[in-house]
Peer 1: 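Questions regarding the structure given below will be posed in turn.
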Amino acid sequence: MVNLNQPGSYTLKTFKLWSYDLAYSVDLMMSVHRFEITESMSNGSIRGSALIIDSNNVLGGFANTGIVGQELIEIEYEDYYANKRQELYCLYAVDNINYGDEKKSGFLAYTINFTSPHKFYSEDYRVQRAYTGQNISTYAKDLYAEYMRDKIPEHIVRKFPFATKLLTVENTANKRDIVVPKMNPEGSMHLFSRNAWTDVNPLGEGESSQTFRFFEARDKFFFATIEYMRSLTLSQLATGTGNKLEPERGILKFYRNYAASITPSAGAAAMSYILNANFGVRVNTIDYIVSGAYKRRTYEFDMATMNVNDYLYDYTQQFNDQDSNPLKPIHNREFIDDYMKKEKEIFVFNSVDNSGGDYHYRELYTTKPMYFINQQNNMINVTIYGRNDLFAGSTVDITFMKHVNAMMGAPTIDEERSGLYFVETAQSIFDGNVYTQALTLTRGGVTK
């Protein structure tokens with residue numbers, strides 16, 4: 001059956017405000033004019049907001065107390081492909097209150113802000129304890145269960161079982177004792193991710209990885225490396241399209257069509273259009289020098305032997321002059337050696353503990369930050385029509401065309417900017433009857 005709906009169309013089925021005790025609710029479907037839901041690999045929780053045009057005094061009269069920042073928001077919507085999502089969030093702030101229409105009385109416009117229940121109900125707790133004798137991945141599982149998953153009130157889970165999300169954890173290789181110094185649960189998970197290391201790289205046999213992140217996607221939480229997230233694209237978990245590498249890789253494809261039709265007759269093809277693209281900053285040499293983007297040196301003080309072990313990591317040594325890797329250095333080696341030779345220095349104590357376990361300071365303080373610096377400098381922003389099978393951590397295949405004028409003939413593929421990217425941030429925007437997604441895309445972990 002051909003879908004004759006406008007590309008990017010969606011159906012909002014539920015947008016309901018609930019009191020904390022679930023005794024009261026009000027339907028806001030006719031009052032919400034625009035809402036956004038943002039998930040990012042850089043954040044441990046999903047955040048969202050909605051513009052409400054209120055003609056029924058919900059702000060002041062809801063549940064006899066008005067909105068006080070403890071309410072729940074139930075949202076259900078269906079995308080162009082009829083894929084449904086049902087989500088639950090906690091309202092925590094109301095701002096930007098103003099007259100909805102200055103010519104008419106009785107209307108108020110305001111923005112409600114919401115986040116996931118895991119974040120909301122865990123913020124009242126602080127983690128102040130030592131984790132010892134286990135791999136960091138074990139600490140992550142235990143902390144998430146105790147301080148985030150199990151903090152959601154039981155009466156809410158009973159009514160909305162989908163509110164509780166699972167955590168997918170990639171196993172770490174390094175055992176390390178970690179003292180959490182009175183941090184909130186999300187910050188504690190980020191502390192674990194900054195110290196996590198694995199020697200089992202899903203994309204490279206015999207290679208290690210330090211690119212662990214803790215973040216919330218719409219379906220679940222992840223404590224995993226970028227390479228692990230990339231490997232999921234080859235499974236049904238990512239898009240539900242199967243696990244064949246070719247020709248159906250489970251990787252969503254998008255392209256820039258400069259003569260695009262966005263009418264209903266364009267059908268599903270228009271859902272793959274890149275509506276807008278911003279390629280950000282191409283280079284900032286001063287920033288590269290200050291941040292130590294190419295060379296870092298770690299000095300390890302061994303208190304047992306009173307020795308100083310130093311380790312130099314040179315990012316440029318990973319690449320040859322003909323390397324096509326998009327994360328290769330922008331500057332040529334001669335310039336780097338002449339004018340960017342100063343290493344950023346890091347000083348640490350004891351890379352090896354009394355039990356003989358390696359803390360991997362060398363990789364965590366040199367390789368990892370350089371990787372993320374160069375990844376950051378490869379970020380681009382694109383806008384596409386929204387779809388519910390695309391989330392933070394997904395891999396996408398992007399094709400850009402070179403800009404040409406009419407005298408130069410047909411456009412050709414921009415090989416430099418086209419290729420595989422992973423989704424760092426996905427901002428889902430529901431405006432009127434159109435659903436779009438503003439994606440921040442980057443490279444790394446997707447080129448093997």
Side-chain angles (χ1 to χ4, degrees), residues 3-18 25-40 43 45-55 58-59 67 71-96 100 107-117 119 160 162-163 216-219 252 254 262-264 266 268 270-276 381-392 394 396 423-441:
N3 189 340
L4 296 179
N5 292 330
Q6 186 77 19
S9 61
Y10 78 102
T11 302
L12 181 61
K13 294 182 172 295
T14 302
F15 200 104
K16 186 176 290 187
L17 184 69
W18 288 88
S25 67
V26 61
D27 189 349
L28 295 179
M29 281 188 57
M30 301 304 295
S31 301
V32 59
H33 280 231
R34 171 190 170 101
F35 67 100
E36 303 175 0
I37 300 172
T38 301
E39 53 187 307
S40 174
N43 295 326
S45 60
I46 291 179
R47 301 292 177 91
S49 64
L51 173 62
I52 305 297
I53 306 298
D54 184 359
S55 62
V58 175
L59 179 63
I67 298 176
E71 294 76 19
L72 301 169
I73 299 174
E74 179 190 2
I75 305 175
E76 183 178 1
Y77 53 94
E78 183 177 287
D79 68 4
Y80 175 87
Y81 297 104
N83 296 320
K84 296 180 181 179
R85 290 202 59 84
Q86 190 175 15
E87 300 168 358
L88 189 74
Y89 296 102
C90 295
L91 187 154
Y92 67 88
V94 181
D95 56 21
N96 298 322
F107 286 83
L108 276 181
Y110 49 88
T111 300
I112 57 174
N113 300 279
F114 48 88
T115 189
S116 67
K119 172 68 173 178
F160 303 107
F162 57 87
E216 182 184 8
R218 276 176 293 171
D219 285 330
L252 298 175
F254 299 94
I262 57 174
T263 63
M271 293 295 294
S272 297
Y273 292 162
I274 296 172
L275 306 177
N276 189 27
N381 296 289
V382 303
T383 302
I384 61 170
Y385 287 121
R387 49 193 303 155
N388 288 340
D389 56 354
L390 183 62
F391 56 90
S394 299
V396 293
V423 180
E424 172 75 18
T425 299
Q427 182 184 28
S428 297
I429 303 169
F430 305 83
D431 194 350
N433 62 349
V434 178
Y435 171 19
T436 59
Q437 286 178 301
L439 307 179
T440 299
L441 307 176

Peer 1: I'd like to know whether Arg47 forms a side chain to side chain contact (heavy atoms under 4.5 Å, CB included) with Glu36, so could you lay out the CA-CA distance, the side-chain angles of the two residues, the decisive distance to 0.1 Å, and finally the verdict.
Peer 2: CA-CA 8 Å; Arg47 301 292 177 91; Glu36 303 175 0; over 6 Å; no
Peer 1: Just wondering, do Leu17 and Leu72 contact through their side chains at under 4.5 Å, heavy atoms?
Peer 2: no
Peer 1: Can you find a heavy atom in the side chain of Lys84 that is under 4.5 Å from one in the side chain of Lys13?
Peer 2: yes
Peer 1: Check the pair Gln427, Gln437 against side chain to side chain donor-acceptor pair (under 3.5 Å), reporting the backbone distance first and the verdict last.
Peer 2: CA-CA 5 Å; Gln427 182 184 28; Gln437 286 178 301; over 6 Å; no
Peer 1: Identify the heavy atoms of Ala50 and Phe35 that sit nearest to each other, and give their distance.
Peer 2: CB-CB, 3.6 Å
Peer 1: What distance separates Phe15 CZ from Met29 CE, expressed to the nearest 0.5 Å?
Peer 2: 10.5 Å
Peer 1: Do the side chains of Asp389 and Arg218 get close enough for a salt bridge, i.e. N-O under 4.0 angstrom?
Peer 2: no
Peer 1: Assess the residue pair Asn433 and Ser9 against the criterion (side chain to side chain donor-acceptor pair (under 3.5 Å)); give the C-alpha distance rounded to whole Å, side-chain angles, the decisive distance to 0.1 Å, and a yes or no.
Peer 2: CA-CA 6 Å; Asn433 62 349; Ser9 61; over 6 Å; no
Peer 1: Where do Glu39 and Phe391 come nearest, in terms of heavy atoms and distance?
Peer 2: OE1-CB, 3.6 Å
Peer 1: Count the heavy atoms of every other residue, nucleotide or ligand shown that sit under 6.0 Å from CG of Asp431, and state whether that count exceeds 12.
Peer 2: yes
Peer 1: Within the 4.5 Å heavy-atom criterion, are Arg85 and Asp219 side-chain neighbours or not?
Peer 2: yes
Peer 1: Under a plain distance cut-off of 3.5 Å, with no hydrogens placed, do Ser45 and Glu216 share a side-chain donor-acceptor pair?
Peer 2: no
Peer 1: Drop me the distance from Glu76's CD to Thr14's OG1, to the nearest 0.5 angstrom.
Peer 2: 4.5 Å
Peer 1: Please round to the nearest 0.5 Å and tell me the distance separating atom CD1 of Ile73 and atom CG of Leu28.
Peer 2: 8.0 Å
Peer 1: Quick one, Ile384 and Thr436 - any side-chain contact, counting heavy atoms below 4.5 Å?
Peer 2: no
Peer 1: Is the distance between the ring centroids of Tyr92 and Phe114 less than 6.0 Å?
Peer 2: no
Peer 1: Measure the shortest side-chain to side-chain distance between Asn83 and Tyr10 over non-hydrogen atoms and say whether it is less than 4.5 angstrom.
Peer 2: no
Peer 1: Taking the six-membered ring for Trp, are Phe430 and Tyr435 parallel (under 30°), tilted (30 to 60°) or perpendicular (over 60°)?
Peer 2: parallel
Peer 1: Output the distance between atom CD1 (Ile52) and atom CD1 (Ile112), rounded to the nearest 0.5 Å.
Peer 2: 4.0 Å
Peer 1: Is there a donor in the side chain of Tyr110 and an acceptor in the side chain of Asp95, or the other way round, less than 3.5 Å apart?
Peer 2: no
Peer 1: Answer yes or no: is there a side-chain heavy-atom contact under 4.5 Å between Leu390 and Val423?
Peer 2: yes
Peer 1: Tell me the closest heavy-atom pair linking Thr111 and Ser49, and the distance in Å.
Peer 2: CG2-CB, 4.0 Å
Peer 1: In Å, rounded to the nearest 0.5 Å, how long is the span from CG of Leu439 to CG of Asn381?
Peer 2: 9.0 Å
Peer 1: When you compare the side chain of Tyr89 with that of Ile75, does any pair of heavy atoms fall below 4.5 Å?
Peer 2: yes
Peer 1: For Ile46 and Thr115, which heavy atoms make the closest approach, and how far apart are they?
Peer 2: O-OG1, 2.7 Å
Peer 1: Verify side chain to side chain contact (heavy atoms under 4.5 Å, CB included) between Leu441 and Thr425, making sure each step is shown before the conclusion.
Peer 2: CA-CA 7 Å; Leu441 307 176; Thr425 299; over 6 Å; no
Peer 1: When you look at Arg34 and Ile429, which way does the side chain to side chain contact (heavy atoms under 4.5 Å, CB included) test go after all the steps?
Peer 2: CA-CA 8 Å; Arg34 171 190 170 101; Ile429 303 169; 3.5 Å; yes
Peer 1: So Glu74 and Trp18, side chain to side chain donor-acceptor pair (under 3.5 Å) or not? Walk me through it.
Peer 2: CA-CA 8 Å; Glu74 179 190 2; Trp18 288 88; 3.0 Å; yes
Peer 1: Please examine the side chains of Leu252 and Arg387, heavy atoms only from C-beta on, and report whether any two atoms are closer than 4.5 Å.
Peer 2: yes
Peer 1: As a quick check of understanding, evaluate side chain to side chain contact (heavy atoms under 4.5 Å, CB included) for Ile53 and Phe107, giving each step before the final call.
Peer 2: CA-CA 7 Å; Ile53 306 298; Phe107 286 83; 4.0 Å; yes
Peer 1: Considering all heavy atoms of both residues, which atom of Ala217 and which atom of Ala392 are nearest to each other, and what is their separation?
Peer 2: CB-O, 4.0 Å
Peer 1: Rounded at 0.5 Å granularity, tell me how far CG in Asn388 sits from OG in Ser428.
Peer 2: 7.5 Å
